[in-house]
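Quantities reported herein were computed from a predicted structural model and do not represent experimental measurements. Lettering of chains follows the sequences in order, A, B, ..., and the numbering in each one begins at 1.
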Protein chains: 2
Amino acid sequence: METIEQVLESKNIRVTAMRMLIYKFLVEKEVAVTLSDIENAFEKADRTTLYRTIKTFEEKDIVHQIDDGTGITKYALCEKGCNCEIETDLHLHFHCNNCNETICLTDHKIPQIKVPDGFVSENVNLVVKGICDKCSG
Amino acid sequence: METIEQVLESKNIRVTAMRMLIYKFLVEKEVAVTLSDIENAFEKADRTTLYRTIKTFEEKDIVHQIDDGTGITKYALCEKGCNCEIETDLHLHFHCNNCNETICLTDHKIPQIKVPDGFVSENVNLVVKGICDKCSG
DNA sequence: TAGTAAGTGCAATGGAAGTGCATTTGTTAT
DNA sequence: ATAACAAATGCACTTCCATTGCACTTACTA
Ligand SMILES: [Mn+2]
Ligand SMILES: [Mn+2]
Ligand SMILES: [Zn+2]
Ligand SMILES: [Zn+2]
């Protein structure tokens, strides 16, 4: 089991208190989070710091951004061994219309999508909306 | 061939100068447009009017909204006989990373997406990003 | 341990979306 | 045709999220 320090170090970013806390927060949350979510969890910290921390995490492929159509960008930890660097996010995302939460369905890869002649597909964003398992129960 | 008046009347909204102009603008554009695009095309008109016009068009299923991941909502005319009322937008959208334009691929329907047990899929947003036919030529 | 680079906090900005209210325009009934 | 009503438009203002500049603090490294 890798420690948080080890994760950060392996991504070549400095280990700071703030970063460790935010990383831990993301691990514990099982759903994608907004910047406001993080803000609410760390009221003593400055918004800008949280913002830049998550941006750094994004650049270093620690988290990936999710646009679930709510208009607010969400973030979730990349899975171990995910290679965002090479191609973006192959898995699909599910947004619950009831509880308003968004989760990564990392096991559900996006199928090959055909595009017309002349078009070149570089990546695909796929968001399914509906009712999540917790809400449909 | 239906006139613009006839289109608007068939959707039960009042025919006004502004609405006809915006409708015409949308027909001529072959790509999805932002509110700013419309704003730039009609500098004499007030933003609010344009905003509310497009919202009315959306409600009446004259246009549909597209979230292509750029963070700015775009709009495009619904195809004749498209039934947005029943289910949202079955076709996929293509966003060009080069010219930054987004188009409807109305012939390319979104495939059935499997979700895990307990999840209920209500609708799907699928955006393919890459290079469009004009830019790849 | 001094010097440098990176991280953090505060203040301010910008863009897009949305709303309240007064005015104008279109529709309908007399 | 005109009055009465409803819908459309214009203006001003607000809110929310994202983003930046700059000063200060903390962490690395020579
Ligand atoms: Mn994900
Ligand atoms: Mn479309
Ligand atoms: Zn739910
Ligand atoms: Zn293009």
- Respond yes when some side-chain nitrogen or oxygen of B:T34 is under 4.0 Å from OP1 or OP2 of C:dA16, and no when none is. no
- Query: Taking C-beta and beyond as the side chain, do A:I72 and A:L35 meet within less than 4.5 Å on heavy atoms?
  - Reply: no
- Pair B:E2 + B:K11: basic N to acidic O under 4.0 Å: no
- Task: Using whole Å, report how far CG of B:D37 lies from P of C:dA16.
- Result: 10 Å
- Message: Applying a 4.0 Å non-hydrogen cut-off, can you work out what B:R47 is touching in the nucleic acid: base, sugar-phosphate, or nothing?
- Response: base
- Message: In whole Å, I'd like the distance from the CD atom of B:E39 to the C1' atom of C:dA16.
- Response: 10 Å
- Rounded to whole Å, CE of A:M18 lies from P of C:dA6 at a distance of 21 Å
- Considering residues, nucleotides and ligands other than A:K114, do more than 12 of their heavy atoms fall under 6.0 Å from its NZ? no
- Query: Ignoring hydrogens and angles, does a donor from either the side chain of B:R52 or the base of C:dG20 sit under 3.5 Å from an acceptor on the other?
  - Reply: yes
- Message: Check B:K129 with A:E122, please: is the shortest side-chain N to carboxylate O separation under 4.0 Å?
- Response: no
- Task: Could you tell me whether the phosphate oxygens of C:dG7, OP1 or OP2, come under 4.0 Å of any side-chain nitrogen or oxygen in A:T49?
- Result: no
- Message: For D:dA18 and A:K55 - does any side-chain N or O of the residue sit under 4.0 Å from the phosphate oxygens OP1/OP2?
- Response: no
- Rounded to whole Å, CD1 of B:I54 lies from P of D:dA8 at a distance of 15 Å
- So which one's nearest nucleotide on DNA chain D is more toward 5', B:A17 or A:T16? B:A17
- Message: Tell me the interatomic distance from A:L8, atom CG, to C:dG7, atom P, rounded to whole angstroms.
- Response: 11 Å
- Atom OH of A:Y51 and atom P of C:dC10 are separated, to the nearest Å, by 18 Å
- Task: Could you tell me the separation between the CG atom of A:L35 and the P atom of D:dT19, rounded to a whole number of Å?
- Result: 10 Å
- Name the closest nucleotide to the A:T48 side chain, picking from C:dG9, D:dT9, C:dA16. C:dG9
- Message: Nearest whole Å is fine: how far is D:dT19 C1' from A:E59 CD?
- Response: 14 Å
- Item | Ionic contact status for B:E59 with B:K55, cut-off 4.0 Å | no
- Counting any heavy atom closer than 4.0 Å, what does A:K44 reach on the DNA or RNA strands: base, sugar-phosphate only, or nothing? nothing
- Query: So which nucleotide from C:dA16, D:dA7, C:dT8 ends up closest to the side chain of B:R14?
  - Reply: D:dA7
- Note on the structure: Which of D:dC11, D:dC17, D:dT9 is nearest the side chain of A:I72? It is D:dC17
- Query: Looking only at N and O atoms, is any donor in the side chain of A:T73 or the base of D:dC17 less than 3.5 Å from an acceptor on the other one?
  - Reply: no
